[in-house]
Each structure stands twice: as structure tokens, then as C-alpha cells.
Amino acid sequence: MSLKISLHLGDITETVVDAVVNAANSSLLGGGGVDGAIHRKGGPAILEECRKIRARQGSCPTGEAVITTAGNLPATYVIHTVGPVWQGGNNDEDRLLRNCYRNSLKLAEEQGIKTIAFPNISTGIYGFPKEQAAQIALDEVQRFSSEVVEEVRFVCYDGENFRLYQSLLAALDNE
Ligand code: ADP
């Protein structure tokens with residue numbers, strides 16, 4: 001079945017879903033932006049599990065995803081995925097960003113997750129052009145068919161991303 005898509009403007013750390021996705025860096029040890037917010041609000045249990053994953057597999061490659069508890073967040077899980085750093089567009093950035101969405105959704109499916117929230121991966125510190133990133137995000141979610149995952153919520157933190165998603169979703173509705 002295709003997934004229900006919803007759009008919100010706000011802070012993903014307050015989102016009540018089964019899993020929130022974190023735009024992590026490959027160290028999995030925390031950083032700025034949404035990563036910092038998730039670790040700050042979720043508390044040390046998240047970092048503890050990230051350290052265990054690192055001990056097992058080393059760092060997380062770009063485009064891949066891993067899952068931990070959500071600690072004190074209202075969500076149950078955090079799926080950490082590593083977005084590509086924008087380097088001009090000729091370094092496989094599109095494919096890697098697609099992988100982030102696809103691998104996060106696959107992991108959600110494996111864990112029996114029904115509702116999942118995504119931030120606008122790579123469009124902050126990593127500098128990915130916002131419209132291109134939004135198109136990729138929506139396209140990958142639309143392609144993903146699942147008997148398990150039911151709803152994807154895009155949580156935009158800035159008005160620019162929110163308006164971009166609004167108009168892309170409106171265009172889809174009119175297709
Ligand atoms: P990246 O390094 O992948 O670019 P950032 O965290 O810098 O990651 O930015 C990714 C997106 O997350 C940006 O659109 C940024 O505005 C957004 N963001 C930052 N804080 C939050 C938050 N608390 N909730 C949701 N989105 C957030």
C-alpha cells in the first residue's frame with residue numbers, strides 16, 4: 001500500500017510518532033542542528049545506544065540508517081541516517097539522499113513501525129539545495145509501498161522548506 005503523507009511546521013523532537021528520523025553525521029556521536037536537538041531532548045540513552053552500534057559496526061556510511069531508542073522523546077525510536085554533504089551536485093549527492101529516505105523506511109518496516117517523521121535531511125549544515133531535496137524526499141516516499149508503514153510525516157523547521165513541500169504536495173494532488 002502507498003503511504004499517507006502529512007506535513008508539519010515545527011520541532012521534530014515534539015512529534016508523536018513511532019519513529020523520528022535524525023539527520024545524523026557518520027560518527028553517530030551527535031552534532032548540531034536537528035541532531036543536537038534530538039540528543040539534548042532525548043537524553044543520554046540515545047548516545048549510549050549509538051556508541052554500542054559504533055562498537056559493533058564502526059561509523060555509519062552516508063545514505064545508511066541505524067535505529068536506537070528515542071530516550072525521553074515522545075517517539076519510541078530514533079532512526080539515524082547520514083545525509084550527503086552538498087559538494088556541488090556531482091558527487092552522487094542525489095543518490096545518497098535517496099538512500100537515506102529508502103533505507104530509513106526499510107528499517108522502519110523491519111521494526112514494525114507504522115508512523116515515521118522525517119526532517120529535511122541535508123538541507124541545513126550540509127547545504128543540499130532545498131527544492132531538490134524536497135523532490136527527492138517526496139519521490140522516495142511515494143515509491144515506497146508497505147504493508148507495515150502507514151504514515152510519513154515531513155516535519156519542516158523553517159518556513160522555506162514548509163512552503164516548498166506545500167507546493168510540491170499540492171502539485172501531486174492535482175496530478
Ligand atoms: P544536515 O547536516 O543534514 O544538513 P541539519 O540538522 O543542519 O542537518 O539540518 C537538517 C534540517 O533539519 C534543516 O532543514 C533544519 O532546519 C532542520 N532542523 C533543525 N532543527 C530541527 C528540529 N528541532 N526539528 C526539525 N527539523 C530541524
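Throughout, residue positions are numbered sequentially from 1 according to the sequence presented. As the structure lists them, so they are numbered: ligands from 1, and atoms in each ligand from 1.
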With N22 as reference, evaluate V34, L28, T81, I46 under the side chain to side chain contact (heavy atoms under 4.5 Å, CB included) test and give the passing residue. V34
Side-chain donor-acceptor contacts of residues 53-75 below 3.5 Å, not counting sequence neighbours, with atom names and distances?
from	atom 1	to	atom 2	distance (Å)
R54	NH1	S27	O	2.8
T68	OG1	H80	NE2	2.9
T69	OG1	G71	N	2.9

Co-members of I125 in a cluster of I, L, V, M, F, W and Y side chains, linked at under 4.5 Å: V85, Y126
Please identify which of these residues, Y101, Y165, Y157, meets the ring pair (Phe, Tyr, Trp, His ring centres under 6.0 Å) condition with F118. Y101
Applying side chain to side chain contact (heavy atoms under 4.5 Å, CB included), run through R153 and T15 and close with a yes or a no. CA-CA 9 Å; R153 193 174 304 182; T15 308; 3.6 Å; yes
As a test of reading the model: which residues have a non-hydrogen atom less than 4.0 Å away from ligand 1? G10, D11, I12, A23, G33, V34, A37, N120, S122, T123, G124, I125, Y126, Y157, D158, N161
Exercise answer: donor-acceptor pairs, residues 127-149 side-chain atoms, under 3.5 Å, sequence neighbours excluded:
from	atom 1	to	atom 2	distance (Å)
K130	NZ	D158	OD2	3.4
K130	NZ	E160	OE1	3.1
Q132	NE2	D94	OD1	2.9
D139	OD2	R98	NH1	2.9
D139	OD2	R98	NH2	3.4
D139	OD2	R143	NE	3.0
D139	OD2	R143	NH2	3.2
E140	OE1	R102	NE	3.0
E140	OE1	R102	NH2	3.3
E140	OE2	R98	NH1	2.8
E140	OE2	R102	NH2	3.1
S145	OG	M1	N	3.3
S146	OG	E109	OE2	2.4
S146	OG	V148	N	2.9
S146	OG	V149	N	2.9

